[in-house]
Q: 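Sharing a structure here in structure tokens format.
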Amino acid sequence: MLIEQFETGSGGFVWQNQQPDALFSRVHFHVYAAFDMQIGAQWNGSQFVNHYNRVYYVESGRAELQFTDRVLTMEPGYLYLIPPYQLLSHSAQGKLSFKWVHFQASLDEGLDLFMLYGKPFRVKCAEPDTTSKLFNKLISSMQVMRPSAVLERQSLLLNLLRPFMHIFDDVPQQRKHLLHPSLVSTLSLINKQVANPPSLVALAEAANMSPEHFSRKFKAAFNVSPKRYMLHKQIALAKQRLLLGSDSIDRVAESCGFCDIFHFSRTFKKETGVTPSGFRKEYNIRFLPGQPTKDR
């Protein structure tokens, strides 16, 4: 929609409208889940699909977050912002009490705002009581399904993100993805064809690049390689079908774009730490504290 640069009002009053930002005015936030967690050394994982953003707030205890190029120590009084596809492993060092939220900040189909920034961030919490109250409100709101609760969750999330807002001003070059709309269009291709993922050659052709050049540009823009991005999407789909359906493992493998059950089982275990059948046995869908209920 075209926004008029200047408008007029009664009495000869003229004002200038703020124009939409090419990047940030397009962001849509959605909160997936929020919990207050007390856990011990069992909070120890090294294989998982993380296609969402995370914010952690530690109240007591310590843990380590492992990334490709760094290790962050989780400790009381700090907030942690973790973009999609970056966390490799986490491990608690004894008892750990922390609040967390998983969320999306979508720009285009398949593109999350924080994919453009890539690295995790840690900040000292200036107002611990306020942060804890914001999290408590957010966690409580997850039990409510009214439209007003959706808006409340967005507001609470943005307040929790306030300590990280400076990163958007400090790294203006991340807008460079806007110079390559063909890269964004390949995200849409991947998301539309998760069950039959396009080849690297097909993606490169769609972006009018050579496969090598496309892979480099994709990784530079989104901080994840195209192959890893496709695999994350396939594994995420497989997990949903294992959790929610009763299809055989063969059928799940086929419906998620794997050539055979052996390749699927081997890849799934490498990415999640368990076999598909083991995953189905270990996890089951149930309501936990903080999950939405329809009568609210």
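These numbers were taken from a predicted model, which means no experiment stands behind them.
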Q: Please determine, by modelled atom types, if D36 and Q38 share a side-chain donor-acceptor pair under 3.5 angstrom.
A: yes
Q: With the 4.5 Å side-chain cut-off for hydrophobic clustering, are V201 and Y229 part of the same group?
A: no
Q: Go through it in stages, so that I can follow the logic: the residues are T68 and Q86, the test is side-chain hydrogen bond (donor to acceptor under 3.5 Å, both in side chains), and I'd like the CA-CA distance, side-chain angles, deciding distance and then a yes or no.
A: CA-CA 7 Å; T68 302; Q86 301 303 313; 5.5 Å; no
Q: Is a side-chain donor-acceptor pair under 3.5 Å present for R241 with S255?
A: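 Indeed, the side chains of S255 and R241 share at least one donor-acceptor pair under 3.5 Å.
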Q: Quick check: closest heavy atoms across Y117 and N223, and the distance to 0.1 Å?
A: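 The answer is C-ND2, 3.8 Å.
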Q: Would you say that T130 contacts L134 through its side chain, given a criterion of any heavy-atom pair below 4.5 Å between the two side chains?
A: yes
Q: Heavy atoms only: give me the nearest M115-V224 pair and the separation to one decimal.
A: CE-CG1, 4.3 Å
Q: Restricting to non-hydrogen atoms, name the atom on S141 and the atom on L138 that form the minimum distance, rounded to 0.1 Å.
A: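 Distance-wise, the nearest heavy atoms are OG-O, 2.8 Å.
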Q: Can you find a heavy atom in the side chain of D260 that is under 4.5 Å from one in the side chain of E254?
A: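 They are not in contact (no side-chain heavy atoms under 4.5 Å apart), so the answer is no.
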Q: Looking at R228 and E271, is there a salt bridge between them, counting it only when a charged N and a carboxylate O are closer than 4.0 Å?
A: yes
Q: Rounded to the nearest 0.5 Å, how far apart are OG1 of T186 and CG of L203?
A: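 T186 atom OG1 to L203 atom CG measures 6.0 Å (nearest 0.5 Å).
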Q: Check the orientation of Y80 and Y78. Use parallel for under 30°, tilted for 30 to 60°, and perpendicular for over 60°.
A: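 Judged by the thresholds at 30° and 60°, the geometry between Y80 and Y78 is tilted.
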Q: What do you reckon, are the aromatic ring centroids of F35 and W100 less than 6.0 Å apart?
A: yes
Q: Test side-chain contact (heavy atoms from CB on, under 4.5 Å) on V194 and K233 and set out the steps.
A: CA-CA 6 Å; V194 175; K233 293 294 181 181; 4.1 Å; yes
Q: In terms of heavy-atom contacts, does CZ of F262 have more than 12 from other residues, nucleotides or ligands at under 6.0 Å?
A: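 At most 12 heavy atoms, drawn from other residues, nucleotides or ligands, come within 6.0 Å of this atom.
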Q: Is V150 linked to F29 within one hydrophobic cluster, defined over Ile, Leu, Val, Met, Phe, Trp and Tyr using a side-chain heavy-atom separation of less than 4.5 Å?
A: no
Q: Determine whether the aromatic ring centres of Y32 and H30 lie less than 6.0 Å apart.
A: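 Between Y32 and H30, the centre distance is under 6.0 Å.
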Q: Are the side chains of H166 and V123 in touch, meaning some heavy atoms are under 4.5 Å apart?
A: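 Side chain of H166 against side chain of V123, heavy atoms only: contact under 4.5 Å found.
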Q: Taking atom CG of D250 and atom CZ of F264, what is their separation to the nearest 0.5 Å?
A: 10.0 Å
Q: In this structure, is the centre-to-centre distance between the rings of F114 and F168 below 6.0 Å?
A: yes
Q: Just wondering, do Y57 and C125 contact through their side chains at under 4.5 Å, heavy atoms?
A: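 When only atoms from C-beta onward are counted, Y57 and C125 do touch, with a gap below 4.5 Å.
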Q: Taking the side chain as every heavy atom from C-beta outward, state whether Q16 and E7 have any atom pair closer than 4.5 Å.
A: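 Not in contact.
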Q: Starting at CZ of R26, measure out to CG of L111 and round the result to the nearest 0.5 Å.
A: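 The distance works out to 7.5 Å.
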Q: With side-chain contact (heavy atoms from CB on, under 4.5 Å) as the test, would you mind laying out the steps for V55 and I82 before giving the verdict?
A: CA-CA 6 Å; V55 172; I82 304 168; over 6 Å; no
Q: Are Y56 and F98 near enough that their ring centres are under 6.0 Å apart?
A: yes
Q: Give a yes or no on whether N208 atom CG has more than 12 heavy-atom contacts from other residues, nucleotides or ligands under 6.0 Å away.
A: no
Q: Which pair of non-hydrogen atoms, one from P226 and one from L200, has the smallest distance, and what is that distance?
A: CG-CD1, 3.8 Å
Q: Side chains of H90 and Q66: closer than 4.5 Å at any heavy-atom pair?
A: no
Q: Going by heavy atoms in the side chains, are H102 and R54 under 4.5 Å from each other?
A: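 Side chain of H102 against side chain of R54, heavy atoms only: contact under 4.5 Å found.
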Q: Please report the C-alpha distance between L242 and I249 in whole Å, then the side-chain angles of each, then the deciding distance to 0.1 Å, and finally whether the side-chain contact (heavy atoms from CB on, under 4.5 Å) criterion is met.
A: CA-CA 8 Å; L242 288 168; I249 304 300; 3.7 Å; yes
Q: Taking all non-hydrogen atoms of both residues into account, name the closest pair between V144 and A149 and its distance.
A: O-CB, 3.7 Å
Q: Any donor-acceptor pair under 3.5 Å linking the side-chain atoms of Q5 with those of N17?
A: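 No, Q5 and N17 have no side-chain donor paired with an acceptor closer than 3.5 Å.
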Q: Taking the six-membered ring for Trp and the single ring otherwise, decide whether the centroids of F268 and F279 are under 6.0 Å apart.
A: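 Between F268 and F279, the centre distance is under 6.0 Å.
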Q: Take atom CD in E127; do more than 12 heavy atoms of anything else shown fall under 6.0 Å from it?
A: no
Q: If Ile, Leu, Val, Met, Phe, Trp and Tyr residues are connected whenever their side-chain heavy atoms lie under 4.5 Å apart, and connections chain through other members, are F6 and F13 in the same group?
A: no
Q: Going through the checks in order, is the side-chain contact (heavy atoms from CB on, under 4.5 Å) test met by T275 and S265?
A: CA-CA 6 Å; T275 63; S265 295; 5.6 Å; no
Q: So does P76 get a backbone contact from the side chain of R62, meaning a donor-acceptor N/O pair under 3.5 Å?
A: no
Q: Measure the OG-CG distance between S185 and L183 for me, rounded to the nearest 0.5 Å.
A: 7.5 Å
Q: Taking L158 as the starting point, is it possible to reach F164 by hopping between hydrophobic residues whose side chains are less than 4.5 Å apart?
A: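 The answer is yes; both residues are in one hydrophobic cluster.
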Q: Walk me through whether R146 and E152 qualify under salt bridge (charged side-chain N to carboxylate O under 4.0 Å, His left out).
A: CA-CA 10 Å; R146 292 190 298 269; E152 182 184 13; over 6 Å; no
Q: Quick one, V31 and Q154 - any side-chain contact, counting heavy atoms below 4.5 Å?
A: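 Counting from C-beta outward, V31 and Q154 never come under 4.5 Å.
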Q: Nearest 0.5 Å, please: how far is OG in S25 from CD in Q18?
A: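 The CD atom of Q18 sits 8.5 Å away from the OG atom of S25.
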Q: Indicate the atoms forming the closest heavy-atom contact of A92 with G40, along with that distance.
A: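 What the structure gives for the nearest pair is CB-O, 3.3 Å.
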Q: Rounded to the nearest 0.5 Å, what separation is found between the OH atom of Y85 and the CG atom of N53?
A: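 Reported value, rounded in 0.5 Å steps: 10.0 Å.
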Q: When clusters are formed by joining ILVMFWY residues with side-chain heavy atoms under 4.5 Å apart, either directly or through shared neighbours, do F24 and I167 land in the same one?
A: yes
